[in-house]
2 protein chains.
Amino acid sequence: MSHTLGIRQAQKQKTRQALLDAALALLEEQSLSSLGLREVTRAVGVAPTAFYRHFRSTADLGVALVEEALGSLHPMIRTTVSTTGDREERVTRTIDLIARHVDGYPAHVRFIARERHGGVQPVREAIREQLARFAQEVKDELAKDPVSEGWSEDDLLMLAHLYVDQMLSTASLFLEALEGPEEERPERTRQVAQLAARQMRLIGLGRHHWLD
Amino acid sequence: MSHTLGIRQAQKQKTRQALLDAALALLEEQSLSSLGLREVTRAVGVAPTAFYRHFRSTADLGVALVEEALGSLHPMIRTTVSTTGDREERVTRTIDLIARHVDGYPAHVRFIARERHGGVQPVREAIREQLARFAQEVKDELAKDPVSEGWSEDDLLMLAHLYVDQMLSTASLFLEALEGPEEERPERTRQVAQLAARQMRLIGLGRHHWLD
DNA sequence: AATTCCAGAGAACAGTTGTTAACTGCATGG
DNA sequence: CCATGCAGTTAACAACTGTTCTCTGGAATT
């Protein structure tokens with residue numbers, strides 16, 4: 001299916017990935033709008049001009065990072081929302097999955113949270129687009145649930161957006177716990193999980209009584 | 001009560017405010033971590049070194065902006081949450097108030113949304129602190145409501161945080177509508193208001209059935 | 001009226017930035 | 001095997017950055 005890349009293309013993609021990785025690391029302590037192109041190439045150990053072989057600008061690199069951070073997340077969303085089991089079990093399962101993701105890709109989560117309202121318009125738009133896709137997918141899954149019978153399309157999308165925002169907010173809180181002092185980490189993580197669980201439970205309750 | 005400031009102090013506060021205003025304007029198209037001190041003084045028409053008479057750094061200025069943007073908002077929050085009237089009326093009243101605020105201080109709203117997860121730690125912390133105070137105040141108001149009888153402190157605070165996040169998210173959406181093309185503005189604004197109203201209604205429903 | 005204080009100006013610093021042009025060496029396709 | 005393509009290099013550019021030190025004019029204090 002996929003044609004094996006030549007030595008040339010492989011090497012190119014390798015440095016491209018190195019640029020993305022270095023940028024993501026540098027973005028832990030600043031925003032994209034202050035990220036310099038030379039800063040990134042210096043971190044990779046490559047000439048500044050090499051940057052242009054891969055990206056037009058740092059904004060362009062940012063859009064690529066959005067793709068990397070959110071693009072591969074769609075299947076996970078789908079399977080999570082449509083997971084079977086007890087109501088309470090589904091809540092804890094979802095939160096646990098978010099916690100795991102934050103743990104595995106903290107820099108990606110921070111990048112999205114930071115640049116969602118950040119100073120670089122094309123990046124904001126890219127994130128908005130991806131999140132809109134998420135909301136759409138969540139809506140599709142919600143629609144399958146018998147609880148959603150009689151719901152209008154608008155209301156389903158409204159609920160989906162609420163869930164997506166909730167997930168992002170929770171992810172951000174997990175990240176804060178992760179960045180705090182190590183000895184407080186387990187306790188803070190537990191608190192965040194508890195808070196998120198209660199909020200999801202409350203939203204779930206509102207969902208069940210929506211058509212009263 | 002307040003001692004009238006001398007000519008000296010008055011002039012100083014005037015340039016200080018000019019620096020804050022210029023910074024806020026410049027931050028419409030970038031993040032604080034990329035805001036240069038010279039950039040700000042140039043916009044005001046003052047020597048770069050004058051900056052140090054007022055702020056240690058741009059991060060310091062950022063913290064002052066947080067104070068300006070959120071500090072004066074507490075009374076408004078209190079009166080809004082504890083407003084009387086029909087359930088549905090309270091929802092629309094609150095949303096209308098948010099819309100008005102975004103309309104009146106768009107730059108402030110953008111600044112908070114942008115720097116809440118931004119690249120400057122002291123500013124993030126200042127925002128977090130102010131929002132935590134908001135949540136606390138909302139909790140206090142919620143506690144007075146007879147609907148909250150039997151609620152634990154944790155649950156009240158949980159709900160308060162949910163409301164605060166919801167308000168911020170709504171404000172950000174209003175801002176996007178405001179920044180979009182002028183001919184779409186009324187329609188987009190209406191949609192945002194409708195979305196926010198439904199979400200608040202759903203959360204209110206969950207609130208009423210919390211103790212089932 | 002004489003003195004102190006201090007917001008802001010001015011000049012200079014070493015270091016940084018994005019972008020250009022012309023180059024080199026090696027993988028690739030004919 | 002040779003010619004082309006192209007990822008990455010080198011060098012140079014004008015413009016910009018934060019920070020230091022010295023200075024000045026006028027308000028504040030005595």
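Keep in mind it's a predicted model, so treat the numbers as computed, not measured.
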Exercise for review: Using the test salt bridge (charged side-chain N to carboxylate O under 4.0 Å, His left out), find all partners of A/R207 that sit at least two apart in sequence or belong to another chain.
Suggested key: A/D145

Exercise for review: Check whether any side-chain N or O of A/R90 sits under 3.5 Å from a backbone N or O of A/V81 as a donor-acceptor pair, and report yes or no.
Suggested key: yes

Check your understanding: Are any side-chain N or O atoms of B/S33 and backbone N or O atoms of A/S34, one a donor and one an acceptor, separated by less than 3.5 Å?
Key -> no

Practice item. Using side chain to side chain contact (heavy atoms under 4.5 Å, CB included) as the criterion, list what pairs up with A/R53, not counting sequence neighbours. Key: none

Exercise for review: Could you identify which residues of residues 14-43 of chain B place a heavy atom less than 4.0 Å from some atom of DNA chain D, listed by residue number, or say none?
Suggested key: B/G36, B/L37, B/R38, B/R42

Which atom pairs, one a donor and one an acceptor, fall under 3.5 Å between side chains of residues 112-123 of chain B and the rest of the protein, sequence neighbours left out?
unit_1, atom_1, unit_2, atom_2, d
B/R114, NE, A/H117, O, 2.8
B/R114, NE, A/G118, O, 3.2
B/R114, NH1, B/L27, O, 3.0
B/R114, NH1, B/E28, O, 3.4
B/R114, NH1, B/Q30, O, 3.2
B/R114, NH2, A/G118, O, 3.1
B/E115, OE2, B/L32, N, 2.9
B/R116, NH2, B/D165, OD1, 3.3
B/H117, ND1, A/S172, OG, 3.4
B/Q121, NE2, B/E125, OE1, 3.1

Short heteroatom pairs, N/O only, protein and nucleotides 28-30 of chain C, under 3.5 Å:
unit_1, atom_1, unit_2, atom_2, d
C/dT28, OP1, A/I7, N, 2.6
C/dT28, OP1, A/R8, N, 3.2

Report, one line per pair, each donor and acceptor closer than 3.5 Å where one atom sits in a side chain of residues 99-106 of chain A; sequence neighbours left out.
unit_1, atom_1, unit_2, atom_2, d
A/R100, NE, A/D96, OD2, 3.3
A/R100, NH2, A/D96, OD2, 2.6

**Study point:** Near-strand residues of residues 45-64 of chain B, defined as heavy-atom separation under 4.0 angstrom from DNA chain C
**Key:** B/V46, B/A47, B/T49, B/A50, B/R53, B/H54

Practice item. Mind checking salt bridge (charged side-chain N to carboxylate O under 4.0 Å, His left out) for B/E153 and listing every partner two or more places apart, or none if nothing turns up? Key: B/K139

Exercise for review: Could you provide the dot-bracket string of DNA chain D, using ( ) for intrastrand pairs, [ ] for crossing pairs and | for bases paired to another strand, with Watson-Crick or G-U pairs below 3.5 Å?
Suggested key: ||||||||||||.||||.|||||||||.||

Review point. Counting distance only, does the side-chain N/O of A/S152 pair as donor-acceptor with the main-chain N or O of A/D155 below 3.5 Å?
Key: yes

Practice item. Output all residues satisfying side chain to side chain contact (heavy atoms under 4.5 Å, CB included) with B/R190, sequence neighbours left out; order by chain, then residue number. Key: B/E187

Exercise for review: Would you tell me whether B/R93 and B/T83 have side-chain atoms, one donor and one acceptor, within less than 3.5 Å of each other?
Suggested key: yes

Practice item. Sorted by first residue and then second, give each ring pair (Phe, Tyr, Trp, His ring centres under 6.0 Å) pair with at least one member in residues 152-203 of chain A; sequence neighbours left out. Key: none

**Study point:** Protein-nucleotide distance (A/K12, atom NZ; D/dG5, atom C1'), rounded to Å
**Key:** 11 Å

Revision key, fill the gap. With sequence neighbours left out, the residues meeting side chain to side chain contact (heavy atoms under 4.5 Å, CB included) with A/Q194 are A/R198, B/D154

